Amino acid sequence: MKLETIQEAIKLSMKSRAPKEEIETMRSLVAAIKKAAIDKRCEITEELVDEVLLKEQKIVQEMIDTCPEARTDLLVEYNHRLRIVKHFAPQLITDKEKITAMIAAALAQEFGAAIPANKGLIMKTVMPQLKGKVDMKIANQVISEY
């Protein structure tokens, strides 16, 4: 995802007189992306944008999970915000067989037939190739099975 895509969506939402909450959510995403670039002292790349979007999606999901059920007004607001963030966030691969195949390919490329028994070394090897593409909880389970 590119930052410009989100900025264009803000412009279109403003022109179409979308609800204020929707525009504010997208603006907060842009602000979070710019802040992350400043904090890391790097350019805004698609990888950085995807990383921030996934982080924001996780934060909003935690807000929903911890919100009291009696606060239906907050739940509606958080669900609306989550829907907007999910629209922009990359879709993670959650199929265990695909993740297993990706990990096996990465390990075969790096180590050949001699796969180490050290989970930390395996994670260090496959993380750059999987981060932002797959659900890391499932990847961790697959690596634990090795």
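This structure is a prediction, so every number in the text was calculated from the model and none was measured. The figures here come from the full heavy-atom set of this structure, side chains too, leaving out hydrogens, waters and symmetry mates.
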- dist Leu54:CG -> Asp135:CG (nearest 0.5 Å) comes out at 10.0 Å
- Note on the structure: The reported gap from CD1 in Ile44 to CG in Leu3 (rounded to nearest 0.5 angstrom) is 5.0 Å
- Query: Do Arg71 and Asp73 sit within salt-bridge range, that is, some charged N less than 4.0 Å from a carboxylate O?
  - Reply: yes
- Task: Hey, could you give me the OG1/CD1 distance between Thr100 and Ile138, rounded to the nearest 0.5 Å?
- Result: 9.5 Å
- Query: Are Leu92 and Val134 linked, directly or through other ILVMFWY residues, by side chains that come within less than 4.5 angstrom of each other?
  - Reply: no
- Grab the two heavy atoms, one from Ala139 and one from Leu130, that are nearest each other, plus how far apart they are. CB-CD1, 4.3 Å
- Just how far is it from atom OG1 of Thr5 to atom CD of Glu46, taken to the nearest 0.5 Å? 8.0 Å
- Query: Under a 4.5 Å cut-off applied to non-hydrogen side-chain atoms, are Met26 and Phe88 in contact?
  - Reply: yes
- Ile10 CD1 to Glu22 CD distance, which is reported to the nearest 0.5 Å: 10.0 Å
- Keeping to residues at least two apart or across chains, list the side chain to side chain donor-acceptor pair (under 3.5 Å) pairs with something in residues 48-60. Lys40-Glu51
- Is there side-chain contact between Met136 and Met127, with heavy atoms separated by less than 4.5 Å? yes
- Message: Before you tell me yes or no, could you show the steps for Val49 and Leu53 under side-chain contact (heavy atoms from CB on, under 4.5 Å), namely the whole-Å CA-CA distance, both residues' side-chain angles and the distance that decides it to 0.1 Å?
- Response: CA-CA 6 Å; Val49 172; Leu53 289 173; 3.8 Å; yes
- Message: Do Lys133 and Pro90 have side chains that approach each other closer than 4.5 Å (heavy atoms only, starting at C-beta)?
- Response: no
- Task: Enter the distance from Ser13:OG to Lys20:NZ here, rounded to the nearest 0.5 Å.
- Result: 15.0 Å
- Message: side-chain contact (heavy atoms from CB on, under 4.5 Å), that's the test. Do Arg83 and Lys86 meet it? Break it down for me.
- Response: CA-CA 5 Å; Arg83 183 184 57 79; Lys86 277 187 174 183; 5.9 Å; no
- Message: Do Val52 and Leu29 have side chains that approach each other closer than 4.5 Å (heavy atoms only, starting at C-beta)?
- Response: no
- Item | Close side-chain approach of Met102 and Ile93, heavy atoms under 4.5 Å | yes
- Distance-minimising heavy-atom pair for Ile23 and Met14: CD1-CG, 3.7 Å
- Task: Indicate the atoms forming the closest heavy-atom contact of Glu43 with Leu48, along with that distance.
- Result: O-CD2, 3.9 Å
- Query: Linking I/L/V/M/F/W/Y whenever any side-chain heavy atoms sit under 4.5 Å apart, do Leu82 and Leu74 land together?
  - Reply: yes
